[in-house]
Amino acid sequence: MTDPLPGFEQPAAPPRVDSVFSGRVVRVQPDITGVQRQFDYVVPAAWEDDGRAAKIAVGSLVRVDFHGRRTAGWITDVDVTPDPSLELRALAKWSSVGPPQELIALGDWAAWRWAGRLPHFLRAASPQRMVEEVAPRVEPPIADANPAMDAVFSPGVTHVRTTPNDSGLAVAIEAAVRGSALILVPTLHQRTEFSRALRNQGFDVAGYPEQWARSASGVLTVGTRLGAWAPVPEPASIVVIDEHDRAYKEERTPAWNARDVAIERARRGGVPCVLTSPSPSLEGLETADRRLSPERSVERESWPVVDVVDLRTADRPGLLTDAIVSLVRDSTTVACILNRKGRSRMLACGNCDALATCDACGVAVHQPDDTTLECVSCGTTRPVVCSACGATKFKLIRPGIGRVAEDLRALAKRDVIEVTAETDAADMSGEGLFIGTEALLRRLPNADAVVFLDFDQELAVPRSRAAEDAFSMLALAARRVGPRSQGGRVVIQTRKPDDIVVQAALHGDPKRVAESQRDVRRVFGQPPYGAWAVVSGAGSATFIERLRAVDESASLRLAQLGDRWRIAAESHTELLEIINAVDRPAERLRIDVDPIDL
DNA sequence: CGGACAAGCTGA
DNA sequence: CAGCTTGTCCGG
């Protein structure tokens, strides 16, 4: 250390007298994305006297002096033996109770499994606001478990195929009866529904992440994707409702999947994990130790009447066949689904309705990001400002839907409600004739009939999961309209009436989809019979180059897809052992393990 | 991540 | 070679 220059005052250095420290040393993971290392700090002696030291535990949120600044972090280990050559600093502040030990270990695993960083997962497992202390664990009142459900809650992973009109609530209630459980659902709306239903059954319910502290004291917890990281201590079981749902997959990096986190968490805790779905994912079926399905006749009866309209022999051109028109006239609430994937989308000014066009060539423009409009034809860009009135808000118009809605209005002689992202939920609660994309199915509470105007749109998607996704959409439609005994009706317009997905819905038999997909994917080594990752971004070329160097025996298969790369391996272990060993380039890089859109 | 410091670039 | 940018390293 250099002496201060004469005449200059030395800045106040932190006291380094031994008696100031308690001698206890803890390990801290800083909450900084770029820092994967952990660092040791000592507990200040003063904390022993005022009770703060007693709060030091694995998972605690603290603040520490780190390389000239102060940062938040998590205690990942206590009573560490530090490297004697280091001069340790003291913890600066105890902030909050944090995730329990087992979630920190699970975070380590998730960081490996999705090639991500630990702080990302620790944030998911931490309270949104500081928590002073957690109430002692509450033991839920023990009710009588239903012996008929013993098979569902036996050790390991159980896949329960539900009927389309069974939300999975019965499984969730039974889980609650058997001890403090963790229930995951795909959407916030389902979280509200399940919480309400469980409360009506007399259970105390914590919603994650808002009620972190209650969850931490062992209250039955219901959450969406993030709920996989709820701090319920040693849950008696973990239930994943509608396990096939894409909402369980995080879209941002690291692109983790809550279903898979739940499965691993249950495995580590040695508790049952129950997956439910009316349209199972192959991943869910494959990881399950046992698969339960309803009796064939029960499942069949729970499906609505499915009408298949062959568009090749339709009575009139276009999508509004006679079958549709008469159905729409006779039924009260109908949802018409028309996905216009891959078609050009146009923008119109939210203020004056002028179509946004290119200043150079007059062609319609699209909006690639928040700040630019780009010409599809010549690539000219301009700011998001209307040329006619100067407004800065634009709305998306899907020419397909607008046109069809207009025609439908004329043919059906009734009002048609076009549902977009901006449509108010209140406008969708009553009766009516609705038209919109797949999102309409998620938002409409129920309907007398659902019509897929052009189902080939779904079947023709070039993705390995296309069939499963298309079928899950039909299962969702079936849930909205109810079973055939209640007059539920789903109409599928297609040029491929013999497609396995259409046939499976027609016969109310999801097994057909899974079986056909299983064979295809096995042959080609596609997930879940192999592991995939997609690498994209500016740094991907460098990354792939380095990966080739690490993968000496060339056990990974690489395929370039435009500016992205697909990495395929026999297993996740093989895939991640290599991916995690590659030095990440400085440029932006996105690694998507288990991509859902490939 | 962000500060420290080294190496590289530019213009007088 | 000062003054600036860019790159690399590293933290308790």
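Letters go in sequence order (proteins before strands), and every chain restarts at 1. Being a predicted model, the structure only gives us computed values, none of them experimental.
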Original post:
Any donor and acceptor pair, going by atom type alone, linking the side chain of A:Arg564 with main-chain N or O of A:Val534 inside 3.5 Å?
Top reply: no
Original post:
When the distance from CZ of A:Phe39 to P of C:dG11 is rounded to whole Å, what number comes out?
Top reply: 7 Å
Original post:
Should A:Arg37 be listed as having a side-chain N or O under 4.0 Å from OP1 or OP2 of C:dG11?
Top reply: yes
Original post:
Would you say the side-chain atoms of A:Arg214 pair up with the backbone N or O of A:Val205, donor to acceptor, closer than 3.5 Å?
Top reply: yes
Original post:
Quick one: A:Asp83 CG to C:dG11 P, roughly how many Å, whole number?
Top reply: 11 Å
Original post:
Checking all strands, does A:Phe66 fall into the base, sugar-phosphate, or nothing category for heavy-atom contacts under 4.0 angstrom?
Top reply: base
**OP:** To the nearest 0.5 angstrom, please state how far the SG atom of A:Cys273 sits from the CD atom of A:Glu264.
**Re:** 10.5 Å
Subject >> Side-chain-base donor-acceptor pair under 3.5 Å for A:Arg69 and B:dC1 >> reply: yes
Subject >> A:Arg113 to A:Trp256, cation-pi by 6.0 Å centre distance and 45° axis angle >> reply: no
**OP:** Mind calculating the distance between CH2 (A:Trp74) and C1' (C:dG12) to the nearest angstrom?
**Re:** 18 Å
Original post:
Roughly how many Å is it from CG in A:Asp583 to P in C:dT8, rounded to a whole number?
Top reply: 13 Å
Original post:
Whole-Å distance between C:dG12 P and A:Gln38 CD?
Top reply: 15 Å
Original post:
Between A:Asp65 (CG) and C:dC10 (P), how many Å, whole number?
Top reply: 21 Å
**OP:** Specify the separation, in whole Å, of atom CG of A:Leu91 and atom P of C:dG12.
**Re:** 13 Å
**OP:** Provide, to the nearest angstrom, the distance between the CD atom belonging to A:Gln36 and the C1' atom belonging to C:dC10.
**Re:** 13 Å
